[in-house]
Amino acid sequence: MSTYFTDREYGIQSQTIDVIDERLWAGLYSLIQTGIGNGSFGLRFPEQCPDGNGPCGCDEQAFRQVLGAEVPWIEWPLSPNKLPETPVILDLLEFCASAVGEPNRGAYHSYYRHHHLSWDRDAGLARFVADVNLLFRRNAVAYELTATGQARRLLPQAIANTIGWALFQTGDTETDRLLEAARQWILSPKPDDRRNALEKLWDAFERLKTLEPDSMRSG
């Protein structure tokens with residue numbers, strides 16, 4: 001479902017909240033557990049049929065072990081009642097997006113009572129991204145997953161328009177570099193990155209004060 005009655009009748013809420021709360025986390029947790037259970041993450045972590053006839057699901061142990069190494073701040077088992085920090089949740093979602101595919105059932109193996117599976121990467125990623133973004137949107141949270149499965153923070157539209165169209169041509173290469181770095185950092189979902197953006201802006205401001213006026217040109 002892409003919209004609900006309240007979206008259509010009253011409009012979609014502005015996504016301005018930058019912290020994932022317990023309610024939203026419980027929904028994201030359920031999406032992830034469903035993906036493990038139905039084999040969606042078997043694309044990257046396939047569970048093999050004991051008879052050697054091919055993959056039949058998701059290897060949860062492999063999923064957990066690699067997740068623990070790639071996102072070392074996550075605690076396993078996941079719990080809907082124990083809220084991770086927002087940046088850790090976003091890392092977790094990116095990890096899941098990298099592993100997801102739409103499971104397609106093949107031959108039925110009657111002895112083990114399972115189907116052998118294959119995966120459609122594009123369909124599975126699109127579905128996962130849509131499901132996550134629906135939860136973000138319905139909870140007015142200012143994040144989204146891109147079509148490639150990367151998390152990014154949503155900026156207020158006025159700021160997004162300004163940043164998106166800004167062309168830095170101060171006449172000083174280093175100042176332009178600092179401003180562009182600030183633009184990239186401020187788009188990050190991580191608070192530390194956004195603090196780095198402010199530092200880059202301050203460095204650019206301090207550098208501009210040392211430059212001769214005729215050495216700069218407006219962009």
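On a predicted model such as this, the values are computed, not experimentally measured, just so you know. The basis for the numbers below is simple: all heavy atoms, side chains too, and nothing from hydrogens, waters or symmetry mates. We number each residue from 1, following the sequence as shown.
- Side-chain contact between Ile89 and Leu24 is absent, with no heavy atoms from C-beta onward closer than 4.5 Å.
- Side-chain contact check for Val141 versus Asp18: every heavy-atom pair is 4.5 Å or farther apart.
- Taking the charged nitrogens against the carboxylate oxygens, Arg177 and Glu174 do have a contact shorter than 4.0 Å, which makes a salt bridge.
- A distance of 10.5 Å separates CG in Asp203 from CG in Leu179, rounded to the nearest 0.5 Å.
- Looking at every heavy atom in both residues, Pro55 comes nearest to Pro46 through CB-CB, 3.8 Å.
- In plain terms, the two heavy atoms of Arg137 and Thr3 that are nearest each other are NH2-N, 4.4 Å.
- Counting heavy-atom neighbours within 6.0 Å of Glu85 CD, excluding the residue itself, gives a total of 12 or less.
- Surrounding CZ of Arg207 are more than 12 heavy atoms belonging to other residues, nucleotides or ligands, all under 6.0 Å away.
- For the pair Asp193 and Asn196, the minimum side-chain heavy-atom distance is below 4.5 Å.
- Hydrophobic clustering of Ile, Leu, Val, Met, Phe, Trp and Tyr side chains at less than 4.5 Å, counting indirect connections, unites Ile36 with Phe45.
- Judged by distance alone, with hydrogens and angles left aside, the side-chain atoms of Glu22 form no donor-acceptor pair with the main-chain N or O of Leu83 at under 3.5 Å.
- The distance from atom OH of Tyr143 to atom CD1 of Ile17, rounded to the nearest 0.5 Å, is 10.5 Å.
- Within the 3.5 Å criterion, the main-chain N or O of Val100 finds a donor-acceptor partner in the side chain of Arg121.
- The shortest distance between side-chain heavy atoms of Thr6 and Arg138 falls below 4.5 Å.
- Grouping the Ile, Leu, Val, Met, Phe, Trp and Tyr side chains by contacts below 4.5 angstrom, directly or via other members, places Ile12 apart from Leu145.
- Atom CZ of Arg105 has 12 or fewer neighbouring heavy atoms from other residues, nucleotides or ligands inside a 6.0 Å radius.
- Taking both residues in full, the closest heavy atoms of Lys200 and Leu178 are given as CB-O, 3.6 Å, listed atom of the first, atom of the second, then distance.
- Once rounded to the nearest 0.5 Å, the distance linking OG1 of Thr210 with CG of Asp172 reads 7.5 Å.
- Under 3.5 Å, the side chains of Ser98 and Arg44 contain a donor-acceptor pair of N or O atoms.
- Taken together through direct or relayed side-chain contacts under 4.5 Å among Ile, Leu, Val, Met, Phe, Trp and Tyr, Val88 and Leu90 form part of one hydrophobic cluster.
- The closest donor-acceptor contact from the side chain of Asn38 to the backbone of Ser40 lies under 3.5 Å.
- Closest heavy-atom contact between Gln13 and Ala140: OE1-CB, 4.0 Å.
- Contact record, Trp119 with Asn104: C-ND2, 4.2 Å, taken as the closest heavy-atom pair.
- The distance from atom CZ of Phe136 to atom CD1 of Ile20, rounded to the nearest 0.5 Å, is 4.5 Å.
- The shortest non-hydrogen separation linking Gly54 to His116 is O-CD2, 4.3 Å.
- When hydrophobic clusters are built by joining Ile, Leu, Val, Met, Phe, Trp and Tyr residues whose side-chain heavy atoms come closer than 4.5 Å, directly or via intermediates, Leu92 is not grouped with Val19.
- For the atom pair Asp120 CG and Leu43 CG, the distance stands at 9.5 Å (nearest 0.5 Å).
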Quiz prompt | Trace of the salt bridge (Lys or Arg N to Asp or Glu O under 4.0 Å) decision for Lys82 with Glu75 | solution = CA-CA 9 Å; Lys82 190 167 185 179; Glu75 292 187 24; 2.8 Å; yes
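- Within the 3.5 Å criterion, the main-chain N or O of Tyr4 finds a donor-acceptor partner in the side chain of Asp7.
- Checked by atom type and distance alone, the side chain of Trp25 pairs as donor or acceptor with a backbone atom of Ser79 at under 3.5 Å.
- Both Val71 and Val132 are members of a single hydrophobic cluster when ILVMFWY side chains are connected at heavy-atom separations under 4.5 Å.
- Centroid-to-centroid, the aromatic rings of Phe63 and Phe95 come within less than 6.0 Å.
- The distance from the CD atom of Glu60 to the CZ atom of Arg64 is 8.0 Å, given to the nearest 0.5 Å.
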